[in-house]
Peer 1: 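First, the structure itself, so that you have it in front of you.
Given the structure is predicted, the values throughout are model-derived calculations rather than measurements. Lettering of chains follows the sequences in order, A, B, ..., and the numbering in each one begins at 1.
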There are 2 protein chains.
Amino acid sequence: MKSKKQSLVNNSNKGKVTEKNSYHHGDLYRVLLDAGEQELNERGVEKFSMRGVAKRANVSHAAPAHYFSNNKGLLTALATAGFTLFLEMQLQYEKKRAKSDMHPLVAAGLGYIEFANTHSGMFRLMFASDQPDWEDVALKEASCKSYEHLIELVHGESIQPESLNELQIQDVISAWAIVHGMSHLYISGQLEPLSCMKKKDYEAYMANIISRVLPAK
Amino acid sequence: MKSKKQSLVNNSNKGKVTEKNSYHHGDLYRVLLDAGEQELNERGVEKFSMRGVAKRANVSHAAPAHYFSNNKGLLTALATAGFTLFLEMQLQYEKKRAKSDMHPLVAAGLGYIEFANTHSGMFRLMFASDQPDWEDVALKEASCKSYEHLIELVHGESIQPESLNELQIQDVISAWAIVHGMSHLYISGQLEPLSCMKKKDYEAYMANIISRVLPAK
DNA sequence: ACCCAATCTTTACACTGACAAGATAAACGA
DNA sequence: TCGTTTATCTTGTCAGTGTAAAGATTGGGT
């Protein structure tokens, strides 16, 4: 039942896990986050339910309240964890294609889209939802890291986000928008015609599109 | 209170409007759609409430059920009406800029983004929601019209959507994605740096970005 | 004048988020 | 070792939601 896939949160307190079935769960925070992600991807942001998450975690409906003050709190934590995973997937794509002649920005873009595809509920939570508390510091930090990484990809590591001029920002927005747009179109089924393509062809096709907006250099 | 702005639906049955305060409302379908749009833009898709719409229309909470079998039904109708408005706004932008040297596709793109901005709730319903019934014929037809118009803009009126080859589809996706991406980034506050621009400069800026993906020709 | 059907309201139920109060067990000090 | 404290989880409750069923009101047709 419980798929023991990669957890959303760093498995920090591995020493004191008292393992289920006891009144005191021991590791509920992490379990709730995992259950939350499951709920998110299976039912979507719109039908996301606190009680549903509790049920998945085999815990009473009010248990999550101790860790997340309310619905918003849980979704904020989920979005935060999501941004970390999001960045990781991009880095992974960059690394894997480092030896090819593919521009790192394009590789990251493919990772971006792949994340949206495999975590569509999470993606919509992160980029098309009013639910999370966008003033939350942890969430802000996580999302900013993604943004800073994007800037690195477009303009090199040396540059500071604040010191970008308007034209440089234009390059950033262009790259972001086209990848972000394709992600949204993809997960809403608007790119169905491409679904019959082989992965290799599909990636080349997408890479072509992304390349159109690369900075003139 | 009730802003008598442009209605979402063609004012068809104008003869038999029995005007409020009677038990039989007379024009409830239209009123519910308008109230629904209001609810959508004020509270967003995620907090959209059937009872809230009924309250706005000064009607019992179960009244909408007679016109829309359920929540999904109302949101489907709203999305359908939204696509009509969506296309209208693009056409309007094209017409207004027909005499300038701006590419019609770019003009439509500006309209696209403007629609997202002024109808963000509706936009998310139309492009980032599982709520509407995407198999509904009226909705399908309305959204397809938008898609066909996009193809016209990219490849001229003569061409049929089905007869596009892969490269031509690539042009379509590119244009769509960058405009769609900017729309999403815009309404989620990710393009804040541009908010201080004057409208003219802002449009030129956005037009520049869109132009990057125009078909090579 | 009557009945019918369309339209709207009332009532009811299951589900949800949120809160308060109670139950359980782990941790801690004697 | 034992009792107390505290963190953790459960149960119970309430208002609000979507939906279905049954009742009330009205207009139109005969």
Peer 1: Measure all distances between protein nitrogen or oxygen atoms and nitrogen or oxygen atoms of nucleotides 14-18 of chain D, and list the pairs falling under 3.5 Å.
Peer 2:
unit_1	atom_1	unit_2	atom_2	d
dG18(D)	OP1	Met50(B)	N	2.6
dG18(D)	OP2	Met50(B)	N	3.2
dG18(D)	OP2	Arg51(B)	N	2.9
dG18(D)	N7	Arg51(B)	NH1	2.3
dG18(D)	O6	Arg51(B)	NH1	3.1

Peer 1: I'd like a table of donor-acceptor pairs (distance under 3.5 Å, sequence neighbours excluded) in which one partner is a side-chain atom from residues 104-117 of chain A, with atom names and distances.
Peer 2:
unit_1	atom_1	unit_2	atom_2	d
Tyr112(A)	OH	Trp176(A)	NE1	2.9
Tyr112(A)	OH	His180(A)	ND1	2.8

Peer 1: Rounded to whole Å, how long is the line connecting atom NE2 of His66(A) with atom P of dT6(D)?
Peer 2: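 For the pair His66(A) NE2 and dT6(D) P, the rounded distance is 14 Å.
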Peer 1: Enumerate the residue pairs fulfilling side-chain hydrogen bond (donor to acceptor under 3.5 Å, both in side chains) with a member in residues 145-154 of chain A, sequence neighbours excluded, ordered by first and then second residue.
Peer 2: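 Only Glu94(A)-His149(A) qualify under side-chain hydrogen bond (donor to acceptor under 3.5 Å, both in side chains).
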Peer 1: Whole Å only: how far is the CZ atom of Phe68(A) from the C1' atom of dT8(D)?
Peer 2: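 In whole Å, dT8(D) C1' lies 14 Å from Phe68(A) CZ.
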Peer 1: Taking salt bridge (Lys or Arg N to Asp or Glu O under 4.0 Å) as the test, write out the residues that go with Arg51(A), two or more places apart.
Peer 2: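 Checked Arg51(A) against salt bridge (Lys or Arg N to Asp or Glu O under 4.0 Å); zero matches.
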Peer 1: In whole angstroms, how far is the C1' atom of dC15(C) from the NZ atom of Lys47(A)?
Peer 2: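 Spelled out: NZ on Lys47(A) to C1' on dC15(C) is 13 Å.
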Peer 1: Go through dC8(C), dT10(C), dC9(D) for me and flag the one nearest to the Ala62(B) side chain.
Peer 2: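 Closest nucleotide to the Ala62(B) side chain: dT10(C).
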Peer 1: Holding to salt bridge (Lys or Arg N to Asp or Glu O under 4.0 Å), I want the full list of residues that pass it with Asp130(B), two or more places apart in sequence or in another chain.
Peer 2: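 Once residues adjacent in sequence are excluded, the partners of Asp130(B) under the salt bridge (Lys or Arg N to Asp or Glu O under 4.0 Å) criterion are Arg124(A).
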Peer 1: Provide, to the nearest angstrom, the distance between the CG atom belonging to Asp27(A) and the P atom belonging to dA26(C).
Peer 2: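 Checked: the CG to P distance equals 15 Å.
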Peer 1: How long is the span from the CG atom in Leu153(A) to the CG atom in Asp171(A), to the nearest 0.5 Å?
Peer 2: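 That separation rounds to 13.0 Å.
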Peer 1: Taking only residues two or more places apart in sequence or in another chain, which ones pass side-chain contact (heavy atoms from CB on, under 4.5 Å) with Ala63(A)?
Peer 2: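 Per chain and number, Ala63(A) pairs via side-chain contact (heavy atoms from CB on, under 4.5 Å) with Leu28(A), Val59(A), Ser60(A).
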Peer 1: Under 4.0 Å: is that the gap between some side-chain N or O of Tyr67(B) and OP1 or OP2 of dC8(C)?
Peer 2: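 Result: yes.
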